[in-house]
Amino acid sequence: MYELLNYILGDLMTRLINPFDMAVTQLTSVAKLIDLDPNILEILKKPKREIIAHLPVKMDDGSIKVFTGYRVQHNDARGPYKGGIRYHPNVTLDEVRALAMWMTWKTAVMNLPYGGAKGGITCNPLEMSKGELERLTRRYTYAIREFIHPYIDIPAPDVYTNEQIMAWIMDTYSALAGRNEPGVVTAKPIELQGSEGRTEATGFGVMVTAREAIKKLGLNNSEITVAVQGYGNVSYWAAYYAHKWGYKLVAASDSKGGIYNPDGINPVDLLKHKRETGSVINYPKARNISNEELLELSVTVLVPGAIEEVITEKNADNIKAKIISEGANGPTTPKADKILFEKGILVIPDILANAGGVTTSYLEWVQNLMRYYWSKEEVLSKLEKRMVDAFECVYRISREKNIDMRSAAYIIAVSRVAKAIELRGIWP
Ligand code: NAD
C-alpha cells in the first residue's frame with residue numbers, strides 16, 4: 001500500500017515538476033558556484049524570444065485541425081540560435097523553454113559558435129499520414145519564417161522528426177526566400193546537402209569521449225569491456241566504434257530486454273539479428289538478461305543510450321562500470337549522480353557525451369555556407385577533434401575543482417555565455 005502510494009505520488013510529482021523551473025533552478029545553482037553577476041543571471045533566466053503559432057492544417061478527411069507550434073530562442077550571444085524541433089503530444093511551452101536553455105549550454109560546452117533554441121508542435125505524428133505531416137511542417141515553417149535563417153536560427157530534428165521533415169522545412173523556406181537555402185536547417189538528407197557522417201556522429205562521439213576517459217584512468221586497452229543500453233542509432237554506433245577500436249562489446253539491450261556474452265559480441269552481426277527478429281533478445285551467441293541487470297554489469301564502459309532516468313538512487317550503488325558515457329539525454333538522476341561521484345565512477349555528462357550530433361550539424365552548416373563538401377573521413381576527424389578538446393576542457397575543470405564532470409560542463413557553458421553577454425553589453 002505504502003509503495004503504491006509512493007508510486008502514485010512519484011508519478012504525480014513528475015507531472016507537476018515544471019521542466020523550465022527545473023532548468024532555472026539548475027542555472028541558479030551553477031550561478032552560485034561561479035559567482036555569476038546577478039544581472040546576467042536575470043538575462044539568462046528568460047528566453048530572448050518565444051514564438052507561439054496556431055497552425056490550421058487540412059487533414060486527409062477534409063476537416064481542419066488547429067495545432068499549436070512553438071519556437072523558443074533562449075540565447076544568441078555566442079552565435080545563431082541552434083536546436084531541434086520536436087513533434088509529440090506532450091509538447092508544452094515550458095518544456096520547449098527548458099530544452100532551449102539546455103541547448104545554449106550544450107553548444108557552449110562544445111565551443112560551437114551558436115546559441116540555443118528549441119521548437120515543438122503538440123501533435124501525435126504516429127497517428128498522422130505523411131501528407132498531414134508535410135502540410136503541418138510547411139505551415140509551421142511559414143509561421144516561423146521570419147525568425148529562422150542560416151545566420152539567425154537553424155533548426156534540426158528531435159523526437160519524432162527526421163530528415164524528411166528537415167527537407168520540407170528547407171524547401172518551404174527556400175521557396176519563400178526565392179533562393180536555395182540549405183543552411184537554414186541541419187540533418188538534411190545527403191541528396192539535399194546534408195553531411196556525410198551525420199548518421200554515426202552521436203554514437204561515435206559517445207565512444208570518443210569514453211576512449212578519452214579510458215586514457216585518463218590509465219586502463220589497459222586490451223581489457224576494455226562495453227555494455228550499451230538500447231540498440232538504436234546512438235547505441236549501435238557507440239558499439240560499432242567500440243568494437244572497431246578493439247574494445248569488447250559484452251552486452252546490449254532494447255525495450256524488450258538485453259543480452260550478455262562476456263567473451264564478446266560482434267555489433268554488426270547483432271544488428272542483423274535485431275533487423276531480422278525485431279529485437280536484440282534471443283541472440284544465439286549470448287544469453288538473455290534484463291535491462292536492469294545490464295546496467296549493473298561489471299564492465300569498463302556503460303553507455304545508457306536509450307531513455308532518461310535509468311540510473312537512479314535505487315540502483316546507483318550497484319553500478320560497477322568505471323566509466324558512464326551518457327548517450328541518452330538525462331539517463332542519470334541528480335541523486336544518482338551524487339552516489340556515482342562518491343563511488344569514483346567517471347560520468348561523462350550527456351551535454352558533452354552525446355554532442356556529436358549537434359557538432360556534426362555545425363559541420364553540415366559550415367559546408368552549406370561554403371557550398372563545399374567534405375568526405376565522411378574528413379567530417380569524422382573534425383568531429384573527433386572537437387569532442388576530444390571539449391572532453392579535455394571539462395575533465396581539467398572537474399579535476400581542478402574536484403567536482404563531477406556534469407558540474408564542470410555546466411560551469412564552462414554558463415561562464416562562456418555570460419562572458420559573451422558581458423562583452424557585447426546591452427543595446428538598445
Ligand atoms: P532510437 O529510437 O534510434 O533508439 C532508441 C533505442 O532505445 C531502441 O533500441 C529502443 O528499443 C531502445 N529502448 C526504448 N525503450 C527502452 C527501454 N525502456 N529500455 C531499454 N531500451 C529501450 O533513438 P536514438 O536516436 O538512438 O536516441 C537514443 C537517446 O539518445 C535519446 O535519449 C535521444 O534523445 C538521445 N540523443 C540522440 C541523438 C541522435 O543524434 N540520435 C543525439 C543526442 C541525444
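Counting convention: from 1, in listed order, for ligands and their atoms alike. This is a predicted model, so every value here is computed, not measured.
- If you look at Thr202 next to ligand 1, the close heavy atoms, those under 4.0 Å, all belong to the side chain.
- When only interatomic distances are considered, the shortest N/O to N/O separation between Ser235 and ligand 1 does not fall below 3.5 Å.
- Using cut-offs of 30° and 60° for the angle between ring planes, the Tyr240 and Trp237 rings count as perpendicular.
- Interface atoms of ligand 1 facing Ile307, defined by a heavy-atom separation under 4.0 Å, are 15 (N), 17 (C), 18 (N).
- Not a single heavy atom of Gly357 sits under 4.0 Å from any atom of ligand 1.
- Remark: aromatic rings of Tyr362 and Tyr114 are close, center separation under 6.0 Å.
- Within the listing of ligand 1, atoms 7 (O), 12 (C), 13 (N), 21 (N), 22 (C), 28 (C), 29 (C), 31 (C), 32 (O) sit less than 4.0 angstrom from a heavy atom of Ala306.
- The nearest protein atom to atom 35 (C) of ligand 1, hydrogens excluded, is given as Gly327 O, 3.7 Å; this is a heavy-atom distance.
- Screening His88, Arg86, Lys118 for a side-chain hydrogen bond (donor to acceptor under 3.5 Å, both in side chains) with Glu95, the sole residue that qualifies is Arg86.
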List the steps and the verdict of salt bridge (Lys or Arg N to Asp or Glu O under 4.0 Å) for Arg386 and Asp389. CA-CA 5 Å; Arg386 288 198 162 257; Asp389 289 351; over 6 Å; no
Using the side-chain hydrogen bond (donor to acceptor under 3.5 Å, both in side chains) rule, take Gln367 and Ser195 through it: C-alpha gap first, then chi angles, then the decisive distance, then the call. CA-CA 8 Å; Gln367 294 171 83; Ser195 179; 3.0 Å; yes
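- The nearest protein atom to atom 44 (C) of ligand 1, hydrogens excluded, is given as Asn354 ND2, 3.5 Å; this is a heavy-atom distance.
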What verdict does the side-chain hydrogen bond (donor to acceptor under 3.5 Å, both in side chains) test give for Asn221 and Lys215, after you've listed the backbone C-alpha separation in whole Å, the side-chain angles of each residue and the deciding distance to 0.1 Å? CA-CA 9 Å; Asn221 244 6; Lys215 285 187 205 159; over 6 Å; no
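- In terms of N/O distances under 3.5 Å, ligand 1 is not approached by Lys106.
- Seen from the ring of Tyr260, Arg287 does not count as a face-on cation partner, given the 6.0 Å and 45° thresholds.
- For atom 23 (O) of ligand 1, the nearest protein heavy atom lies 4.0 Å away or farther.
- Looking at Asn233, Val234, Asp158, it is Asn233 that brings a heavy atom closest to atom 3 (O) of ligand 1.
- Heavy atoms of Asp254 found under 4.0 angstrom from ligand 1 belong to the backbone as well as the side chain.
- With respect to atom 33 (C) of ligand 1, the closest heavy atom belonging to the protein is Asn329 ND2, 4.2 Å.
- Summary of contacts: the protein heavy atom closest to atom 9 (O) of ligand 1 is Tyr231 N, 3.0 Å.
- Remark: Ile281 pairs with Lys256, Ser279, Asn288 by the side chain to side chain contact (heavy atoms under 4.5 Å, CB included) rule, at least two apart or across chains.
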One pair to check against side-chain hydrogen bond (donor to acceptor under 3.5 Å, both in side chains): Asn18 and Asp94. What are the steps and the verdict? CA-CA 7 Å; Asn18 179 316; Asp94 274 335; 2.7 Å; yes
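- Taking only nitrogen or oxygen atoms, main chain and side chain alike, Ser255 reaches within less than 3.5 Å of ligand 1.
- For atom 28 (C) of ligand 1, the nearest non-hydrogen atom from the set Ala252, Gly232, Ala156, Gly305 belongs to Gly305.
- Screening Leu112, Asn354, Asp350, Leu352 for a side-chain contact (heavy atoms from CB on, under 4.5 Å) involving Lys106 leaves a single residue, Asn354.
- Applying the 4.0 Å criterion to heavy atoms of Asn291 picks out, from ligand 1, the atoms 19 (N), 20 (C).
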